[in-house]
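Below is one structure; the comments refer to it alone.
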Amino acid sequence: MAVCKVKKVNIFTHISLKDKTIEELQKAGCIQIKNVTPKLENYNLRDYPLASSSELDAALSEVKYCIEYLANYKGEAKKTDDLVDYSKEVYEYDNLALLYAQFNYQDIYKKCKELDSKLMELKSRENHLESTKEELAEWKDLEVKVEDLEGTKKVNLALGFLPVKDCASCLEEIKKIGEEIEVIKFGEDKRRSKIIIFSIPKYNSSLKTVLNKYNFEYFKFPKELRGTPLEIIKDIDRELAEIGKKRGEITKASVQLYKNHLPLYLAFDHLFISKSKKEIEKYLKQTQRVLILEGWVLEKNQDSLKKRLEEKYPEVEISFSEPEENEEIPTALNNRKIIKPFEVITELYGIPQYKEIDPTPLLAPFFFIFFGMCLSDAGYGLIMALLFYLATKKIPVKGMAKKLFHLLILGGLSSFLVGVLTGSWLGDTLNYLPKQILWVRNILVDKVALINPINDPMPLLAFSLILGLAQIYTGIITKLGDNVRNNKINDGLMDQGSWLLLITGILVFLVASTLSLSKFILSLSQYMMIGGVVSIILTQGRANKNIIKRVGAGILALYNGITGYLSDVLSYSRLFALGLATSIIAVVINTLVILVKDVPYVGFILVILIYLGGHLFNLLISALSAFIHSARLQYVEFFTKFYQGGGTPFRPFKITTKYLDIQTKE
Amino acid sequence: MITEGVVMAFLGSAIAIGLAGSGSGIGVGIAGMAGAGVMTEDPGKFGQVLLLQALPGTQGIYGLLAGFWVLMKIGIFAGSPVALTLDQGWQIFFACLPIGIVGFFSAIYQGKASAAAIGLIARRPEETGKAIVMPAMVETYAVLSLLATILLLNGIQL
């Protein structure tokens with residue numbers, strides 16, 4: 001069983017040792033801390049009083065703000081000089097607090113804030129100037145100072161726009177109002193005309209009615225402006241240039257600050273670690289002087305944890321106990337190195353509950369073969385395995401991503417093997433080798449390869465179905481074993497035993513009748529089938545009290561079961577179909593390449609484009625379906641026979657950081 | 001030589017490529033609309049969304065594959081096509097129907113399932129694995145119809 005054994009751990013410590021104990025536990029990183037389950041009533045256990053963490057939160061968000069603000073200048077900073085990539089350096093856990101204390105992030109925060117707000121100010125001033133400039137641009141031919149356009153006591157002045165199509169009739173109507181009105185049409189574009197109207201106050205109201213009727217848009221220069229529009233525009237341009245300069249200064253200052261980002265990373269990670277320690281406090285319980293802490297620990301870490309704590313703090317008492325039945329125990333998987341990558345498949349579905357078996361070792365060999373059969377090309381497999389091997393060397397990946405990369409390396413190897421056996425090397429590329437090295441093809445395709453699925457598809461189809469049968473058998477037998485292990489032998493015999501009997505009977509019968517084996521085996525298989533059918537009909541409805549209902553339910557179960565198993569097995573034909581699809585698409589690509597080979601002038605370029613692009617595309621699409629369909633066969637056809645999933649993962653309290661690697665002195 | 005049989009084979013090839021491709025087009029479109037909606041909220045999900053959007057695209061590839069196989073089988077690329085009888089032409093035509101018809105409909109419904117799955121990862125990004133399995137269930141039938149087409153084509157004697 002590859003689900004790790006979990007023990008419950010209780011730690012008792014003096015209240016004054018609280019911080020040190022929590023720190024030690026974080027360094028050990030092997031306990032998932034949970035709420036304390038009170039064993040004794042009336043023991044006067046109190047919740048540990050929670051201190052407010054708002055100060056910590058504020059500091060964390062301030063540091064985060066600095067990091068995010070300065071990140072905008074990363075590109076700029078890189079241009080000017082070579083920056084050290086600090087994220088690769090490793091820091092000592094115990095030094096963090098000291099380094100943090102030495103470094104005053106507040107200064108940087110203040111500077112960032114100042115620069116940021118200045119930048120905002122400039123930005124809004126710039127927007128304002130630009131929109132003013134745009135408005136003024138329409139009146140730039142007006143050679144009058146804008147302050148003179150206010151009008152006088154006796155004369156009113158109105159500037160604005162009229163829709164072009166109404167312009168003439170509007171002007172007509174304005175003229176009718178009175179003689180003391182002067183209208184100047186100042187210019188027009190496609191949509192509207194610019195108009196200036198001089199009038200005397202007595203016409204105000206009638207003028208307004210006319211103008212409103214024609215949707216006259218009043219325009220007023222902003223009050224604070226002085227000078228002719230053209231002069232003002234020049235002023236604005238000058239100020240804009242100034243703003244650009246100021247911006248440059250801010251950028252320079254920010255780039256300078258960015259060089260300080262390492263201490264910011266340190267501060268962030270330090271605060272983050274402190275916060276995670278603080279969060280543990282909500283699980284604590286205390287008496288007058290003793291602090292109690294409870295959690296889950298993997299059995300294999302039990303001794304080292306005890307030793308570690310007792311050596312450092314002899315006052316600390318630590319005890320282990322078996323988890324109780326009704327508790328929700330977290331699950332941790334533990335598989336051998338070669339099986340480990342396949343945990344991805346299990347994790348995607350849902351990890352096992354604590355009492356369940358881990359399906360990973362069972363599905364691993366099947367997934368390996370399935371993936372290879374779906375991708376089924378030696379060239380693609382080799383490319384994929386190499387790419388992901390290099391990726392694991394170059395990119396530091398952890399956790400799930402690391403397992404996935406390893407899984408894809410294995411998948412590539414499997415495809416390579418299947419490709420060698422079916423003689424598929426980037427489709428039928430080998431056929432087009434030059435005459436001198438055509439012997440490579442002859443060896444690989446004629447000697448090494450066992451079958452050619454394009455010409456002779458049946459054996460591979462049959463093999464797919466046999467694999468399916470094998471996996472379904474594995475599933476049923478696993479469930480049978482599981483039932484036996486949980487002392488449910490009767491259930492096991494009735495539910496799984498009778499189906500095994502029936503399916504085996506059918507198989508033996510099919511094999512015996514096609515190979516015309518001896519009468520004895522034939523009749524034995526018939527008895528097995530009859531036995532299986534009878535036992536299914538009699539037992540599968542056993543939840544019903546009524547005998548007729550019971551038999552009815554049994555017959556229904558027989559029907560559902562037979563159709564179910566049949567469709568399960570047929571479902572594995574996808575292995576063959578997807579494998580063939582990969583090879584045929586590859587052949588199609590090669591055929592296209594041959595077709596364009598003789599195109600004049602660009603033929604060579606087309607050949608390279610289609611060959612590389614086509615095969616890359618095929619690799620991507622086929623690998624995607626290979627992964628999805630191989631996983632689906634596990635989930636839908638295999639897991640349904642014995643597996644539930646839905647466990648909660650074991651998440652120990654440990655040092656988690658965002659930017660730096662932290663180590664502990666050991 | 002172009003005989004009536006060859007014309008029927010062309011029709012079959014066209015149906016396999018055309019119908020399955022149209023279905024994929026519609027399906028990828030449906031999934032794409034849902035994906036674009038999700039990405040207005042969180043552009044960081046581009047990778048997962050693209051993966052889910054690509055799922056209904058496989059039917060078009062299966063159709064292309066079947067259509068090409070017909071063309072290769074009747075020797076279009078080798079120069080001149082085999083002089084098929086009308087009977088043989090009809091056989092090829094019918095062999096192309098499974099992937100054409102099933103490809104068309106399954107791609108559309110896979111597109112809808114993908115769109116729903118994209119909605120799922122919008123809210124619960126940690127369940128991407130399960131979200132991918134849902135539309136992949138629809139694909140089963142496209143794979144089976146491709147299998148049928150391949151086996152039928154393989155059985156036709158020229």
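Labels below follow one simple rule: chain letters A, B, ... track the order of the sequence lines, proteins then strands, and each chain is numbered from 1. Side chains included, hydrogens not; waters and symmetry mates left out as well; all remaining heavy atoms used.
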Subject >> Most chain B-contacting option - heavy-atom pairs closer than 4.5 Å, from A:L570, A:N455, A:V587, A:L580 >> reply: A:L580
Subject >> Part of A:R574 lying under 4.5 Å from any heavy atom of chain B >> reply: both
Subject >> Heavy-atom proximity to chain B below 4.5 Å, by part of A:L620 >> reply: neither
**OP:** Would you check, one step at a time, whether the test ring pair (Phe, Tyr, Trp, His ring centres under 6.0 Å) holds for A:H615 with A:Y380?
**Re:** CA-CA 8 Å; A:H615 282 299; A:Y380 294 163; 5.8 Å; yes
Original post:
Non-hydrogen atoms of chain A under 4.5 Å away: do they reach the side chain of B:M137, the backbone, both or neither?
Top reply: both
**OP:** Count the heavy-atom pairs under 4.5 Å between each of B:L51, B:L151, B:L144, B:N154 and chain A, then report the option with the highest count.
**Re:** B:N154
Original post:
Where on A:I594 is there a heavy atom nearer than 4.5 Å to chain B: the side chain, the backbone, both, or neither?
Top reply: neither
**OP:** Taking the side chain as every heavy atom from C-beta outward, state whether B:L120 and B:M134 have any pair of such atoms under 4.5 Å apart.
**Re:** no
Original post:
Can a donor-acceptor pair be found between the side chains of B:S145 and B:Y62 at a distance below 3.5 Å?
Top reply: no
**OP:** Walk me through it: do A:Y643 and A:F638 pass the test ring pair (Phe, Tyr, Trp, His ring centres under 6.0 Å)?
**Re:** CA-CA 8 Å; A:Y643 182 66; A:F638 189 43; 9.1 Å; no
Original post:
What part of B:L64 lies closer than 4.5 angstrom to a heavy atom of chain A: side chain, backbone, both or neither?
Top reply: neither
Original post:
Are the side chain of A:D377 and the backbone N or O of A:G419 linked by a donor-acceptor pair below 3.5 Å?
Top reply: no
**OP:** Find out whether A:I628 and A:L624 are in side-chain contact, i.e. whether some heavy atom of one side chain is under 4.5 Å from a heavy atom of the other.
**Re:** yes
Original post:
Is chain B contacted by the side chain of A:V636, its backbone, both, or neither, given a heavy-atom distance below 4.5 Å?
Top reply: side chain
**OP:** Identify which part of A:F617 has an atom lying under 4.5 Å from any heavy atom of chain B, answering side chain, backbone, both or neither.
**Re:** side chain
**OP:** Go through B:T58, B:V133, B:I61, B:L146 and name the one with the most non-hydrogen pairs under 4.5 angstrom from chain A.
**Re:** B:I61
Original post:
Taking C-beta and beyond as the side chain, do A:L575 and A:C374 meet within less than 4.5 Å on heavy atoms?
Top reply: yes
Subject >> B:L55 versus chain A, the contacting section by heavy-atom distance below 4.5 Å >> reply: side chain
Original post:
Do the numbers put A:K402 on top of the ring of A:F405, so that NZ or CZ is under 6.0 Å from the six-membered ring centre and no more than 45° off the axis?
Top reply: no
**OP:** Using non-hydrogen atoms and a 4.5 Å limit, figure out which bit of A:F576 sits close to chain B: side chain, backbone, both or neither.
**Re:** side chain
